[in-house]
Every structure is written in C-alpha cells, then in structure tokens.
Amino acid sequence: MDNLPGLPTLDRCAVMGVVNVTPDSFSDGGLWLDPAAAVAHGLRLTAQGADLIDVGGESTRPGARRVTEEEELRRVVPVVRELAAAGAVVSVDTMRANVAAAAVEAGARLVNDVSGGLADPGMAEVVAATGAPFVVMHWRGQSADMDSLAVYDDVVADVTAELTARVAALLAAGVKEEQLVLDPGLGFAKTSEHNWALLGRLDALTSLGRPVLVAASRKRFLGTLLANPETGELRPARQRDDATAAVSVLSARAGAWAVRVHDVAGTADAVRVVAAWQQAARRG
Ligand code: PMM
C-alpha cells in the first residue's frame, strides 16, 4: 500500500473486502444484516486475503432511500468494533460524520465516504480530527436522483476536475493531503460508457499524486458487458466475480492503491499475480 497514516504498507495493490450490513444492497443485501453473520463474513474475507474490511450500513444502489443515522449506527458500530478487536483493518463506508466518528472510536482505521465529504458538512472536521485516511469518491448527488446527474462534457476531465476541487475544499477544511485517497465513483451518476472511459484513463486519477481506489465489483456495467446475447438479459450480480477479478488485475496494473470487492478470493490471487509479474519485469 502507499503510505497512508495508520495502515500497513504493502508492495502490491491492496484488497478491500465488502461487508454490507444492509437489507437492500444490490448484490449482497440481507446476507450480513445480522451482526454475528457480518463479523463472521468479515473474518472469512480476511482469511481469504483481504487487507481491509469495508463495513457499510446504508445501501447506495441507484434509487435507494436513506436510512436514519440511528439505524446506521446500530448496524455498523458493533460490527466495526468486533472486527477491529479481532485484528482486522476496518474501513467504514458512510456519508455521515457522526457514523464516521463512532466507527473510528470503535476501531475503524479508514473512512470511506461515497460523497467525498459532500453529503454531510461535518465530515471534513471529523476526518481532520481523527487523522484517518479518507476515501474521496466522485459523487454528484444522492442515489435517489443520481441517474439524472450522469451528464458530462468529457467524463475523464470532468471527474478529475471535480475530484481536484473536492481535494482543495477538504485541505482548506483542515484535512491533510496524506490522508486522501481518490476514487472515480464507478456507477455513481455514470453510465457504462462513463465507467469504461474512467477505467481506460485511470492514469488521469493516479497522476493526481494520491492513492486511487477502484470499486467495480459486481456493478451493473459488468452485467451489461456480459449480457445474454440472445435475450439481452443482464448477467446477474452474483455471476460477475470473474469479470470483477479481471478489473482488479487491470486496476492493479494501472497503479491503483486498492480494489474494493465482494468476492475476495479471486481478487486476492489476482493482485498477487500482478505483483509477481511486475517484479519479474523489473528484474528484466
Ligand atoms: N460503491 C458502493 C459502495 N461503496 N465506496 C467507494 N469508495 N467506491 C464505490 O464505488 C462504492 C463504495 C456500492 O456498491 P455495494 O452496494 O456493492 O457496496
């Protein structure tokens, strides 16, 4: 991993395993709503080679409605606490400052905010106070209306500029540059074409000089790519893991700091292959 405060340094792309403690996430909703099941799943992902476990209590699927802060805290904090106590490196996936603060207090070592600090005006202050690494995802609005926001002149230039503006605002609010991780926000106010354009030009983000996180796992654009050629039916979410591992390989090769995935086993192997290949190439 690149040097991020409080996180281990790795000589390869890191693997962030997803634990959604929600009833309605698009590919694993309802599976880990029970705290004990969520903790067991997080530990299983760690054993499979995840370097971080990303715990979220609010679905952000297109059209999703928000949960209350109380409900989000109730879902997330006990799971973060137990996983951290068991030695996992835990990240909290939240748009709320109070949830981020409570999760860090419970042992989370990274804050992953799909709104990049835009949804909650208190987020920057909490992130600055904790000093924890902060994932700044490209985001244009809440899930309920994000499809109408998928309009760009040039998606790579626009996303890069909007992320750069976010970074400036966060720095002005007291967050340190060393805390920041950038994320193109695949599928958030983006069509398939937008997602592919951003992946194909990942260098536009890596060249901003901060670690980059890629979160393509099981997303709709992979279902569209692999749609049944006869019926047009999208490949179901749970059958998109091989395609996700392919994105992990290409992201690692393009210099991503980490990939966020549901199926850790395939990606954990894949990023190790990339690292061995690149080391051999360097030896010549
Ligand atoms: N996507 C989802 C959730 N959290 N976090 C980051 N940093 N980047 C993403 O693209 C992202 C995220 C939605 O996927 P899920 O419902 O399967 O967790």
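Just follow the structure's listing: the first ligand is 1, and inside any ligand the first atom is 1. As a basis for the values below, the full set of heavy atoms in this structure was taken, side chains included, without hydrogen atoms, waters or symmetry mates.
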Discussion item. Salt bridge (Lys or Arg N to Asp or Glu O under 4.0 Å), that's the test. Do Arg96 and Glu72 meet it? Break it down for me.
Written reply: CA-CA 9 Å; Arg96 288 193 169 104; Glu72 195 184 346; 2.7 Å; yes
Worksheet item: Can you find a non-hydrogen atom of Lys219 under 4.0 Å from ligand 1?
Response: yes
Worksheet item: At a 4.0 Å cut-off, with the gap strictly under it, does some heavy atom of Arg61 reach an atom of ligand 1?
Response: no
Worksheet entry | ligand 1 atoms in contact with Val135 (distance to a heavy atom under 4.0 Å) | 7 (N)
Worksheet item: Are more than 12 heavy atoms from other residues, nucleotides or ligands located less than 6.0 Å from atom CZ of Arg220?
Response: no
Item to complete: Determine, step by step, whether Tyr152 and His194 satisfy the ring-ring contact (aromatic ring centres under 6.0 Å, His included) criterion, reporting the C-alpha distance in whole Å, the side-chain angles of both residues, the deciding distance to 0.1 Å, and the verdict.
Response: CA-CA 9 Å; Tyr152 300 87; His194 295 144; 4.7 Å; yes
Fill in: ligand 1 atoms in contact with Val114 (distance to a heavy atom under 4.0 Å)
4 (N), 5 (N), 12 (C)
Worksheet entry | Which atom of Ser25 lies closest to which atom of Ser59, heavy atoms considered | CA-OG, 3.7 Å
Item to complete: Would you mind listing which atoms of ligand 1 come within a distance below 4.0 Å of any non-hydrogen atom of Phe26?
Response: 14 (O), 15 (P), 16 (O), 17 (O)
Worksheet item: Can you get from Val77 to Ile53 by hopping between Ile, Leu, Val, Met, Phe, Trp and Tyr side chains that sit under 4.5 Å apart?
Response: yes
Worksheet entry | Where Arg218 and Thr244 come nearest, the two heavy atoms and their spacing | N-OG1, 3.1 Å
Discussion item. I need the minimum non-hydrogen distance between Val15 and Ala268, along with the two atoms involved.
Written reply: CG2-CA, 4.1 Å
Worksheet item: Has ligand 1 got any nitrogen or oxygen that is less than 3.5 angstrom from a nitrogen or oxygen of Arg260?
Response: yes
Fill in: Which of the ligand 1 atoms, numbered from 1, are nearer than 4.0 Å to a heavy atom of Asp183
6 (C), 7 (N), 8 (N), 9 (C)
Fill in: Check: Asp93 N/O within less than 3.5 Å of ligand 1 N/O
yes
Discussion item. Taking 4.0 Å as the limit for heavy-atom contacts, which would you say applies to Thr60 with ligand 1: side chain only, backbone only, both, or neither?
Written reply: side chain
Item to complete: Give the numbers and elements of all ligand 1 atoms closer than 4.0 Å to a heavy atom of Asn112.
Response: 5 (N), 6 (C), 7 (N)
Worksheet item: Between Asn20 and ligand 1, is there a nitrogen or oxygen pair with a distance under 3.5 Å?
Response: yes
Practice prompt. Start with the C-alpha distance between Val90 and Leu52, add both sets of side-chain angles, then the distance that settles side chain to side chain contact (heavy atoms under 4.5 Å, CB included), and finish with yes or no.
Written response: CA-CA 6 Å; Val90 180; Leu52 301 123; over 6 Å; no
Worksheet item: Considering distance alone, does some N or O of His262 sit under 3.5 Å from an N or O of ligand 1?
Response: yes
Fill in: Which atom of Leu213 lies closest to which atom of Pro184, heavy atoms considered
O-CD, 3.3 Å
Worksheet item: Which of the atoms of ligand 1 are close to Leu213, meaning less than 4.0 Å from one of its heavy atoms?
Response: 7 (N)
Response to the item:
One finds that the ligand 1 atoms under 4.0 Å from a non-hydrogen atom of Ala215 are 8 (N), 9 (C), 10 (O)
